[in-house]
2 protein chains.
Amino acid sequence: MARVETTAEIGEAESSAEVWELFRTLFGQHRRRFLIAAAELDLHPAQAGALLQLDSPLPMTELAVLLACDNSNVTGLIDRLEARGLVARQPSSEDRRVKHVVLTATGRRLRERMLARVGRPTRGFERLSPDEQRQLGDLLRQVIRDDAAA
Amino acid sequence: MARVETTAEIGEAESSAEVWELFRTLFGQHRRRFLIAAAELDLHPAQAGALLQLDSPLPMTELAVLLACDNSNVTGLIDRLEARGLVARQPSSEDRRVKHVVLTATGRRLRERMLARVGRPTRGFERLSPDEQRQLGDLLRQVIRDDAAA
DNA sequence: TATTGTTATACTCTATAACTATA
DNA sequence: TATAGTTATAGAGTATAACAATA
């Protein structure tokens, strides 16, 4: 394995733009894995995305926010998942306008198969030492926290 | 701002699965930003994705690989981008079966507008100290390298 | 009045299979 | 024979606008 010089060793400053490019590279690779995994399970990308979001029941509107699509799309999307027996609509008892989308047992199994493909760390992450895992974890938590800060 | 205890301070081991979950969180946020940015520029997600890939000219087939979709989809996708004057088909001089997709001046400008929305680091990344930038950069390069290792 | 979810419409995406041109 | 790209087709995704039921 070739030794890779770090920016620290070279003495150059690492810009946030450079780090962002590395992230975009990983994003792209993950997106391709996601699309391939969805196709293997006969799910369209949006369907696979919805299934992954449904860790717990969600109102239609919240699903639309998470999928970053219009409310009206969710109706058809859930119609088709429902027709395949993967989800069910559960009217809310608090607000009769709201319907919660819930995974069926079949839906949960399919979600698990999807997670087996995209929910596990890649080799690159697994090969990090315990100390590096901790470093990376701390840095990512910091990024997520500061991204969320209004 | 509340102080956040790190795993190091707590003394627990950080698993690669935990780190992967943090990455998936960031991936979801980035995907939503991407979809919103594409909609703002009147681009369908696949069109925006293609534009971003076209930093340099690419054969149709390679674009299909990068977009993780069937070859036949790229034909229609590029048809529509071409109809909007964003890209052009350039027959290869080496292999007359191959066509390279090239951005027009208009296409480049639109790509730049897209990059202005998703090609810049988020606040969380910008707020990392120079030392943290270097740490994160080194860790991500290591992950990308080991992911790529056959 | 505002919000949740649906419907109707028009256009785009996506995979499959069959095809043409070139290698 | 194999590969690059296209065409045709069918089903799904997507935004917009208009709508009913509920808040």
Side-chain angles (χ1 to χ4, degrees), chain A residues 31-32 34-54 57-102 110, chain B residues 31-54 57-84 86-102 110:
Chain A
R31 179 72 188 166
R32 281 186 285 279
F34 167 82
L35 291 172
I36 291 167
E40 284 174 355
L41 300 180
D42 277 310
L43 290 168
H44 280 249
Q47 295 176 334
L51 237 57
L52 288 180
Q53 295 289 355
L54 287 170
L58 293 175
M60 305 283 282
T61 296
E62 190 166 343
L63 207 42
V65 171
L66 291 171
L67 300 177
C69 73
D70 191 86
N71 222 316
S72 62
N73 299 330
V74 180
T75 296
L77 178 64
I78 296 305
D79 278 349
R80 285 177 284 272
L81 291 179
E82 200 171 24
R84 284 177 63 174
L86 299 172
V87 304
R89 282 173 165 92
Q90 218 171 53
S92 165
S93 52
E94 298 178 356
D95 186 334
R96 290 167 59 190
R97 292 173 303 180
V98 174
K99 298 177 188 173
H100 291 270
V101 183
V102 192
L110 191 51
Chain B
R31 178 71 188 164
R32 281 185 285 278
R33 271 196 306 275
F34 167 82
L35 292 172
I36 291 167
E40 284 174 355
L41 300 180
D42 277 309
L43 289 168
H44 281 247
Q47 296 176 335
L51 237 56
L52 288 181
Q53 295 290 353
L54 287 170
L58 293 174
M60 304 283 283
T61 295
E62 190 165 343
L63 206 43
V65 171
L66 291 171
L67 300 177
C69 72
D70 191 85
N71 221 318
S72 62
N73 299 331
V74 181
T75 297
L77 178 65
I78 296 305
D79 278 349
R80 285 176 285 270
L81 290 179
E82 200 171 22
R84 284 176 61 174
L86 300 172
V87 303
R89 283 172 163 92
Q90 217 170 54
S92 165
S93 52
E94 298 178 355
D95 185 334
R96 288 167 58 190
R97 293 174 302 180
V98 174
K99 299 177 187 174
H100 291 269
V101 183
V102 192
L110 191 51

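The figures here come from the full heavy-atom set of this structure, side chains too, leaving out hydrogens, waters and symmetry mates. Residue numbers start from 1 in every chain, and the chains themselves are labelled A, B, ... in the order their sequence lines are given, proteins ahead of strands.
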- [ ] Name the closest nucleotide to the B:N73 side chain, picking from C:dT12, C:dA15, C:dG5.
- [x] C:dA15
Open item on the list: Between C1' on C:dT14 and CG on B:L66, what's the gap in Å once rounded to a whole number?
Closed with: 17 Å
Task: Nearest atoms (heavy-atom pairs only) where B:P45 meets B:L35 - done: CG-CD2, 3.5 Å
Task: Protein-nucleotide distance (A:E62, atom CD; C:dG5, atom P), rounded to Å - done: 10 Å
Open item on the list: With a cut-off of less than 4.0 Å, is there a side-chain N or O of B:N71 near OP1 or OP2 of D:dT6?
Closed with: no
Open item on the list: Can you give me the closest heavy-atom contact between A:V87 and A:V101, atom names plus distance?
Closed with: CB-CG1, 3.9 Å
TODO: Pick base, sugar-phosphate or nothing for A:D95, based on heavy-atom distances below 4.0 Å to the nucleic acid.
DONE: sugar-phosphate
Open item on the list: I need the minimum non-hydrogen distance between A:L67 and A:Q53, along with the two atoms involved.
Closed with: CD2-CG, 4.1 Å
Open item on the list: Restricting to non-hydrogen atoms, name the atom on B:Q90 and the atom on B:V102 that form the minimum distance, rounded to 0.1 Å.
Closed with: OE1-CG2, 3.4 Å
Open item on the list: So A:T75, base contact, sugar-phosphate only, or nothing? Heavy-atom distance under 4.0 Å.
Closed with: base
Task: Residue mapping more 5' on DNA chain C - nearest nucleotide basis, A:D79 or A:A39 - done: A:D79
TODO: Kindly indicate whether the side chain of A:R96 and the base of D:dT22 share any N or O donor-acceptor pair separated by less than 3.5 Å?
DONE: no
Task: Atom pair distance, as rounded to whole Å: CG in A:L63 and P in D:dT14 - done: 11 Å
- [ ] For A:I36 and C:dA15, give me the distance from atom CD1 to atom P, rounded to whole Å.
- [x] 10 Å
Task: Length of the CD1-P vector between A:I78 and D:dA12, whole Å - done: 14 Å
Task: Distance below 4.0 Å between B:R89 side-chain N/O and D:dG5 OP1 or OP2 - done: no
TODO: Using heavy atoms to find the nearest nucleotide of DNA chain D for B:D42 and A:P45 separately, return the residue whose nucleotide is more 5′.
DONE: A:P45
- [ ] Measure the shortest side-chain to side-chain distance between B:R80 and B:H44 over non-hydrogen atoms and say whether it is less than 4.5 angstrom.
- [x] no
- [ ] State whether the distance check finds a donor on one side and an acceptor on the other, under 3.5 Å, for side chain B:S72 versus base C:dT16.
- [x] yes
TODO: Choose from C:dT4, C:dT6, D:dG13 the nucleotide whose nearest atom is closest to any side-chain atom of A:K99.
DONE: C:dT6
Task: Gap between atoms NE2 and C1', on B:H44 and C:dA10 respectively (whole Å) - done: 10 Å
TODO: Let me know, please, whether B:D70 or B:R80 comes out on the 5' side of the other along DNA chain C by nearest nucleotide.
DONE: B:R80
Task: Closest listed nucleotide, where the reference is the side chain of A:Q47 and the choices are D:dT6, D:dA2, D:dG13 - done: D:dG13
Task: Distance, rounded to the nearest Å, where A:L43 contributes CG and C:dA15 contributes P - done: 13 Å
TODO: Return the value, rounded to whole Å, for the distance between atom CG of A:L35 and atom C1' of C:dA15.
DONE: 13 Å
